[in-house]
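One structure below.
Nothing here was measured: the structure is a model prediction, and the numbers come from that model. For ligands, and for the atoms within them, numbers begin at 1 and follow the listed sequence.
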Amino acid sequence: MRYCIVGAGFSGAVIARALAEAGQKVLVIDERGTAGGNCHSERDADTGVMVHVYGPHIFHTGNERVWDYVQKFGDWVPYNHRVQAVAGGRVFSLPVNLLTINQFFNRVMSPDEARAFIAAQAQKIAEPQNFEEQALSMIGPDLYRAFFRGYTRKQWGVEPTELPASILKRLPVRFTYEDSYFAHPHQAMPRDGYTEVVKAILDVPGVEVRLSTRFEDLDESFAHVIFSGPIDRYFNYEFGRLGYRTLDFERFTHKGDFQGTAVLNYCDEDVPFTRITEHKHFAPWERDKFEGSVLYREFSRLCGPEDIPYYPIRQTNEEAMLRKYVERAKATPGVSFVGRLGSYRYLDMDVTIAEALDASDRMIAAIREGQSLPAFFVEPLGA
Ligand SMILES: Cc1cc2nc3c(=O)[nH]c(=O)nc-3n(C[C@H](O)[C@H](O)[C@H](O)COP(=O)(O)OP(=O)(O)OC[C@H]3O[C@@H](n4cnc5c(N)ncnc54)[C@H](O)[C@@H]3O)c2cc1C
């Protein structure tokens with residue numbers, strides 16, 4: 001009997017290929033009409049620009065195994081992601097760095113002067129109890145209100161006082177002019193888009209891909225199911241729905257260049273969207289050949305039953321519900337849960353691929369030993 005993999009995103013594709021290369025037969029299904037999962041990218045019909053359909057995706061990693069792996073399935077162009085932010089009617093550099101601090105306070109401070117200045121702004125809170133207190137104890141009220149408070153409320157729809165302090169583990173400020181958004185040594189964009197990379201991963205003898213197919217509508221028996229869809233959905237929401245934030249993208253076009261960069265954040269609360277993405281800036285190598293430009297205004301809200309789940313909320317209630325699903329999954333033979341939705345965690349693409357490669361190694365070893373496969377290869381609730 002063959003294996004069934006639900007979801008043709010990075011998780012499903014990487015595992016499907018590994019199983020096929022180990023001699024297994026695999027059926028990969030996805031209810032969407034495209035491969036790539038939430039990383040799906042396609043050319044915009046009006047402008048020709050490559051669009052990240054489910055929100056901006058920048059590949060970045062320090063994992064050499066993952067970096068070597070993705071090289072095999074497409075041409076990757078180095079891309080250094082930089083983000084600017086609009087706050088109080090002015091444009092600043094993000095993440096908050098020495099340029100941001102000097103611009104914001106209208107000063108010319110050296111790194112040491114800025115460090116002392118921010119330390120003086122920071123409030124003395126012995127044991128910060130939530131996100132807001134943590135931020136105030138690290139950067140003080142002015143930077144917090146300008147760059148973190150409104151944006152966090154728009155993104156998460158809750159008061160920053162209701163979010164855990166642990167979200168801000170490290171000082172969210174750099175005392176240099178380094179403005180690269182990510183610190184990883186490898187940062188790149190796939191020349192032909194993410195979907196072509198995922199299709200290339202899936203292009204191997206032994207793998208059948210069936211798109212526009214819901215798992216719930218399949219009537220076949222499998223050796224084992226590897227499920228990268230939402231874990232609560234697999235169990236028909238029997239313990240309730242795990243909370244997610246969803247995103248609405250308001251598409252608009254522009255002639256020429258609208259904002260001069262790929263991502264511009266909007267921190268003020270009176271602006272209802274969180275950011276605007278101008279997709280052609282993700283492809284500097286081809287950007288100038290497009291006369292038109294396509295952009296997404298991004299709005300965040302609570303995910304309803306018909307919406308696409310984007311960011312797991314993972315507050316106390318969700319953790320308790322997740323625990324029930326995890327126990328249920330462990331008591332259910334014949335299915336393993338993988339990926340961002342299967343384990344209800346935010347995972348970057350490189351972590352997704354790393355986990356899928358590791359899960360594949362363990363699956364293949366277990367199959368060779370004649371052992372059954374576990375419900376999880378990474379504990380969704382932590383070790
Ligand atoms: C807004 C946003 C921006 C992001 N930006 C970045 C970034 O810049 N860099 C980065 O590294 N990562 C980024 N990520 C993370 C990235 O999207 C994930 O790492 C990646 O999508 C995880 O892949 P996956 O295969 O686990 O899940 P998915 O890509 O979600 O794939 C799961 C697939 O399963 C299918 N499916 C679900 N249930 C069923 C069912 N019952 N039957 C049939 N099919 C089903 C779905 O249609 C979906 O295609 C971002 C995520 C979000 C939400």
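Not close to ligand 1: Phe59, with no non-hydrogen atom less than 4.0 angstrom away.
Of the residues His281, Arg43, His279, Glu286, the one that meets the side-chain contact (heavy atoms from CB on, under 4.5 Å) test with Val49 is His279.
The two residues Ser93 and Leu99 have their closest heavy-atom pair at CB-CD2, 4.0 Å. Closest of all the heavy-atom pairs between Thr213 and Ile29 is O-CD1, 3.8 Å. Scanning all heavy atoms of the two residues, the minimum distance from Asn97 to Tyr177 falls at OD1-CA, 4.4 Å.
Heavy-atom contacts of Leu347 reach the following atoms of ligand 1: 15 (C), 16 (C), 18 (C), 19 (O) (cutoff under 4.0 Å). Atoms of ligand 1 lying under 4.0 Å from at least one heavy atom of Thr352, given by number and element, are 19 (O), 22 (C), 23 (O), 26 (O). Taking every non-hydrogen atom of Pro230 and a distance limit under 4.0 Å, the qualifying atoms of ligand 1 come out as 37 (C), 38 (N). Of all the atoms in ligand 1, the ones that sit under 4.0 Å from a non-hydrogen atom of Gly339 are 26 (O). Close contacts between ligand 1 and Gly9 involve ligand atoms 25 (O), 31 (O) [criterion: under 4.0 Å to a heavy atom]. Listed by atom number, the atoms of ligand 1 under 4.0 Å from Gly229 heavy atoms are 37 (C), 38 (N). Of all atoms in ligand 1, numbered sequentially from 1 with element shown, those under 4.0 Å from a heavy atom of Leu247 are 1 (C). Of all atoms in ligand 1, numbered sequentially from 1 with element shown, those under 4.0 Å from a heavy atom of Thr213 are 43 (C).
Between Met349 and ligand 1, an N or O atom pair is found at a separation short of 3.5 Å. By the 3.5 Å distance cut-off applied to N or O atoms, Asp30 is counted among the residues near ligand 1. Between Ser11 and ligand 1, at least one N/O pair is under 3.5 Å apart. Residue Tyr311 has no N or O atom closer than 3.5 Å to an N or O atom of ligand 1. Geometrically, ligand 1 and Glu298 share no nitrogen or oxygen pair separated by less than 3.5 Å.
The aromatic rings of Tyr54 and Tyr310 are tilted relative to each other, their planes meeting at an angle between 30° and 60°. Relative orientation of the His186 and Trp67 rings is parallel, given thresholds of 30° and 60° on the angle between their planes.
Judged purely by distance below 3.5 Å, without hydrogens or angles, the side chains of Tyr144 and Glu132 pair a donor atom with an acceptor atom. Counted by atom type alone, Glu278 and Ser293 present one or more donor-acceptor pairs between their side chains at under 3.5 Å.
The residue Tyr234 has no part lying near ligand 1, judged by heavy-atom distances below 4.0 Å. Contacts between Ala13 and ligand 1 below 4.0 angstrom, taking non-hydrogen atoms only, are absent altogether.
Within a 6.0 Å sphere centred on CZ of Arg314, other residues, nucleotides and ligands contribute more than 12 heavy atoms.
A salt bridge links Lys199 with Glu196: the closest approach of a Lys/Arg side-chain nitrogen to an acidic carboxylate oxygen falls below 4.0 angstrom.
Protein heavy atom at the shortest distance from atom 9 (N) of ligand 1 is Ile58 O, 2.8 Å.
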